[in-house]
Amino acid sequence: MKILTLIMAILLSVTEELTANDQLLINAYNRSSQSLDGQWNYIIDPYENGYYNYRYEPFEKQKYPGRGAFFLNSKSNNKSDLIEYDFDKSETISVPGDWNTQKKELLYYEGTVWYKKSFDYIKSNKTNRVFVYFGASNYETDVYLNGVKLGNHVGGFTPFNYDITDLITDEGNFLIVKVDNKRKKEGVPTLNTDWWNYGGLTRSVKIIETNEIFIRDYIIQLDSENPEKIKGYVKLSGESIYHNPIKITIPELGVDEKVITNKDGVASIDIVSDNIRYWSVKDPHLYKVKIHIQEDEVVDYIGFRIIKTEGKFILLNGEQVFLKGISIHEESPIRQGRAHSKDDALQLLTWAKELGCNFVRLAHYPHNEHMIRLADQLGILVWEEIPVYWTIDWENESTYENAEHQLSTVIHRDKNRASVIIWSMANETPTSKARNSFLNRLAVKAKQLDSTRLISAALEQSSQGGDGNIRTITDPFADVVDVLSFNEYLGWYDGLPEKCRDISWIIKQDKPVIISEFGGGAKYGLHGDKSERWTEEYQEFLYEENLKMISKIDQLQGISPWILIDFKSPRRPLPEIQDGWNRKGLISEDGHKKKAFYVLKEYYESK
Ligand code: GCU
């Protein structure tokens, strides 16, 4: 059987990639699955020798790919055979996890690594569908099952899946994944970032089985115009999805609704209830929601709330809320490297709660789903962002498509999460005609996909007056966003902390204002006079002066200072102080709180 499969696979892979149906599964988080996490064999391939032949032609495009193609997992059949690789004799690496912090020789590596996982899989019913689901993989990923190309995915922080129903076998499956984290000018993000380029299968990989007819998508949210109505839709996939009965139950609300799908397999939901317990920071109540069809069932935990702006205010369920936030990179505290686990998420959000936060800015890319699900449970409001960061290739249409795909994917994944209130289109991008058009297109797309949440971006600030001490926002994107946000670094890049006393902010737009970043560096344990750069006292003084200054901004409705914990960056080499770390954290990378942590904590307690 195995030989036959492999021959079929080679023939198939020779002719064409299977059109892998890669529409993203909804709520993969709660679907039963077979995890492929654990030890995978890997091969470091800087010349992509496993992908291109010696004429630099992709093996997979060749009529006969030749057994040198790594995705075929070739084995010697006899002692005279020439095969120059062998996954099963290669070292292993943990998935999920970046390769940089697992293997010393890969700390700075930017290139291709191949992964291989062998597994058996017995379908519970022969007509069922089977998918392989990736939480994320940084940055460009090519996936092959049993020698057949499933697809190519670009983007390092969003999930993707492939339908492998027609390829998976009961035993001896081999999933081979090529991951390439080379930075590219046309990438999203582009060449230049202030964070470590962690490469690899950075989030979990799992096999999900569904019935032939299954629940492909749904949104179930509070109607933003009517707090006594829960509305949305359920979408089925498969054959004969027309006129299919769907049952929606929310036991705690006594809801047991039946709806019928239309010819496209879609059924809309309209549930009226006058005793909904709204999700809020103080009471992050989640309802167990069950969506059931004859052949399939999914369970989700959904909070019902309304987020809006009204003039300069942000309203959560009609009440003004001040966003006491902190920015966070997806970096594992203590263990280091890309965060990916529930424990990582719990540690980061517990520190945020200790700081007195009701809000986190997940910078600068979509974080793993544990963060969002935990924020739902802890009552922490969330700003999610796509890595349209600094000097993106604005004129490049494929760059735009990439950014829009990342935005659409994170909205698709998290649209049922009460904690998510803001979709951010960008961070600190230099204004230009091309950039404004790029961001405006993203804003239209975001509103099209989700009209219930707010949009923002870390905009450019500008100074007026001779001495430049009058600061304002003239960024044209300020007229598009719901919440006007900007980063400022007074006391760090922009003068010394005392300079805060000379600055006044004149913001004309009648919109809520969030200061999405301010801060400065400190090496934990380095003490001295508050005028001495890199001491904890300097950072503490910088926070004190900034907090006094921004409190004068009339429209200020929130802040997310930069940043919760120190994080790795190749841009920060200063020996004995940075050593490859950005030191603006309020907590060191090994979990020690700096003095400025307590300045911000006290400010939040006073709010
Ligand atoms: C910028 C940028 C961050 C960066 C920070 C810094 O505002 O948004 O990604 O890390 O400044 O310079 O530390």
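Everything numeric in this text was worked out from a predicted model, so none of it was measured. Numbering of ligands and ligand atoms starts at 1, following listing order.
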Walk me through whether Trp534 and His527 qualify under ring pair (Phe, Tyr, Trp, His ring centres under 6.0 Å). CA-CA 8 Å; Trp534 302 112; His527 295 288; over 10 Å; no
Using ring pair (Phe, Tyr, Trp, His ring centres under 6.0 Å), reason through Tyr139 and His153 one step at a time and then give a plain yes or no. CA-CA 8 Å; Tyr139 172 76; His153 181 267; 8.8 Å; no
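With respect to the salt-bridge test (charged N to carboxylate O, under 4.0 angstrom), the residues Asp482 and Lys447 qualify. A salt bridge links Lys548 with Glu545: the distance from a Lys NZ or Arg NE/NH1/NH2 to an Asp or Glu carboxylate oxygen falls below 4.0 Å.
A perpendicular orientation is assigned to the rings of Trp40 and Tyr115, their planes being inclined by more than 60° (bins at 30° and 60°).
Under 4.0 Å from any atom of ligand 1, one finds heavy atoms of residues Asp194, His364, Tyr389, Asn427, Glu428, Asn487, Tyr489, Tyr493, Glu517, Trp562, Phe567, Arg572, Asn582, Lys584.
At least one cation-pi condition fails for Arg571 and Trp195: the charged atom is not both under 6.0 angstrom from the six-membered ring centre and inside a 45 degree cone around its axis.
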